[in-house]
Number of protein chains: 2
Amino acid sequence: MTTAPEPIERVSAVEALLRILRARILDGELAPGSRLVERELTERFDVARHTLRAALRSLAAEGLVVIEPDRGARVKALAAAELGPLFELRTALEVEASRLALARHGGRLPATVHQAVQHLVAVCAGSPAWSAVTAAHDDVHHAIVTAAGSPRIEAAYDALAAELQVFLIQMRPEWSMPRMAKHHQTLLRDLEASGPDALRAHIADGLQSVLRASH
Amino acid sequence: MTTAPEPIERVSAVEALLRILRARILDGELAPGSRLVERELTERFDVARHTLRAALRSLAAEGLVVIEPDRGARVKALAAAELGPLFELRTALEVEASRLALARHGGRLPATVHQAVQHLVAVCAGSPAWSAVTAAHDDVHHAIVTAAGSPRIEAAYDALAAELQVFLIQMRPEWSMPRMAKHHQTLLRDLEASGPDALRAHIADGLQSVLRASH
DNA sequence: CAGCCACAGATTGTGGAATAATTCAATAAT
DNA sequence: ATTATTGAATTATTCCACAATCTGTGGCTG
């Protein structure tokens, strides 16, 4: 018998650099709007210029970085005006994902989603760091999208979530912990009771709170 | 008085190459699955190797090209099994787009969409080349998405449409012209009468016909 | 002082070549 | 038939060079 092929991890220099830069951007170390100067980064990570440029180009395609001709790359800084369209796309993905998820599981959402919500509730009960709350919150929505079992929707959603996180990282939202918890318990109930459209209002709510937090 | 600043078009070598390669892929000259050997392409377009590699990397991020480490790039060839997930994403985008479009125009679709359908009907009436039919057909769906006025949904849809075209280019679908025309007139009526969900069945139909055509 | 110009330094865009590493196909060996 | 070996082709990465572009500074002019 043949055992299942277990591919070992081999990362090229570009790929490794890509992951590092992505992580640095997503955790806020490379702040939105900040310039990504080639010489600095090549020295810091000890890679050749072309290697760095390849990584930057991928990040640009991902939407995490903006490249302007002859002016270099900088971490993408979303303007408030761009949030609306971004949330429209998010709505498109997440509503359809929840529809698929419900259809796949006979009108209910799978245990993974329920667990994610329970975890969010548990986190909110204490007095956690905000980063822990956002992580748990993102898990909930990610669990919903994953439950759809549609890899393409999931991939698109992940890219979007990363882009949004770059924006969110620079501000403190204004949700209270108990409200965050309750809101998502309600969402879950509504989704299973009245279908995917329950997400629409929920996401709109999220946009409003983000807009308020960004003054 | 100052005239409105009109930025002139300045394309870098990478950008120019990117456009050429994209066009070659989308019109089928570079067939799905075919290898993109660096030496060949650099000689053909007289660019440096790194310039080409940068363009390929962007195309990979777009989904038109697949890059495997140490094995180079090839034009992406979609397997039939990947069509389902791709159409799920397409459904997510187009259904939400049509919802926004209807909301923006008081429950109707704007003239651009009606014109696009009329054009498709006119094209189908003759005995046109298949490429003319697909072009007119793509215009209809693109008009619907554009009518939503959501740049992010539109961008995602365009990327998807390009990816799908790479797949479709290699086969002759089996829609009859009159059926194509009638089907979209019905779609338009249903959209305005009963809302965005009318698209769901329409897209599912499209997937079925593609799957049948691909044996 | 505001605005314009010119210049120098810094940074990016592209090219070219060299070397290491990897793949792939063909052949030889077990 | 399977496994090794060999070698050519191709990709991955680096280093260097140079032109084009951007940016800030200082001086000049009105």
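Chain letters run A, B, ... following the sequence lines, proteins first and then strands; every chain starts at 1. Because only heavy atoms are used, hydrogens play no part in the values below, and waters and symmetry mates are left out as well, while side chains stay in.
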Residues 71-82 of chain B vs side chain to side chain donor-acceptor pair (under 3.5 Å), sequence neighbours excluded, gives Glu68(B)-Arg71(B), Lys76(B)-Glu163(B)
So the side chain to side chain donor-acceptor pair (under 3.5 Å) pairs with at least one residue in residues 113-122 of chain A (sequence neighbours excluded) are His114(A)-Glu192(A)
Would the His142(B) and His137(B) ring centres measure less than 6.0 Å apart?
no
Could you give the start and end, 5' to 3', of the contact zone on DNA chain D for chain A, using atoms under 4.0 Å from its heavy atoms?
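Taking any atom under 4.0 Å from a heavy atom of chain A, the span is dT13(D) to dT23(D).
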Counting primed atoms plus P, OP1 and OP2 as sugar-phosphate and everything else as base, spell out the protein contacts along nucleotides 8-18 of chain C at 4.0 Å heavy-atom distance: B, S or - for each nucleotide, 5' to 3'.
---SBBBBBBB
Heavy-atom closest contact (Ala143(A) atom, Ala116(A) atom, distance)
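Ala143(A) and Ala116(A) have their closest heavy atoms at CB-CB, 4.1 Å.
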Which atom pair, heavy atoms only, marks the closest approach of Val133(A) to Met177(A)?
CG2-SD, 3.5 Å
Using five base pairs at each end to define the local axes, how bent is the helix from dC1(C)-dG30(D) to dT30(C)-dA1(D), to the nearest 10°?
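About 20° separates the two local helix axes.
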Any chance you could measure Ile144(B), atom CD1, to Leu93(B), atom CG, to the nearest 0.5 Å?
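Rounded to the nearest 0.5 Å, the CD1-CG separation comes out at 13.0 Å.
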Does Met180(A) offer a backbone N or O that forms a donor-acceptor pair with the side chain of His184(A) under 3.5 Å?
yes
Any ring pair (Phe, Tyr, Trp, His ring centres under 6.0 Å) involving residues 34-61 of chain B? Give me the pairs, sequence neighbours left out, ordered by first then second residue.
His50(A)-His50(B)
Arg22(B) vs Glu62(B), salt bridge (charged side-chain N to carboxylate O under 4.0 Å, His left out): CA-CA, chis, key distance, verdict:
CA-CA 10 Å; Arg22(B) 189 170 19 225; Glu62(B) 267 178 63; 2.4 Å; yes
Please name the residue in the list Arg200(B), Arg212(B), Arg179(B) that meets the salt bridge (Lys or Arg N to Asp or Glu O under 4.0 Å) test with Asp205(B).
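So the option named by the test is Arg179(B).
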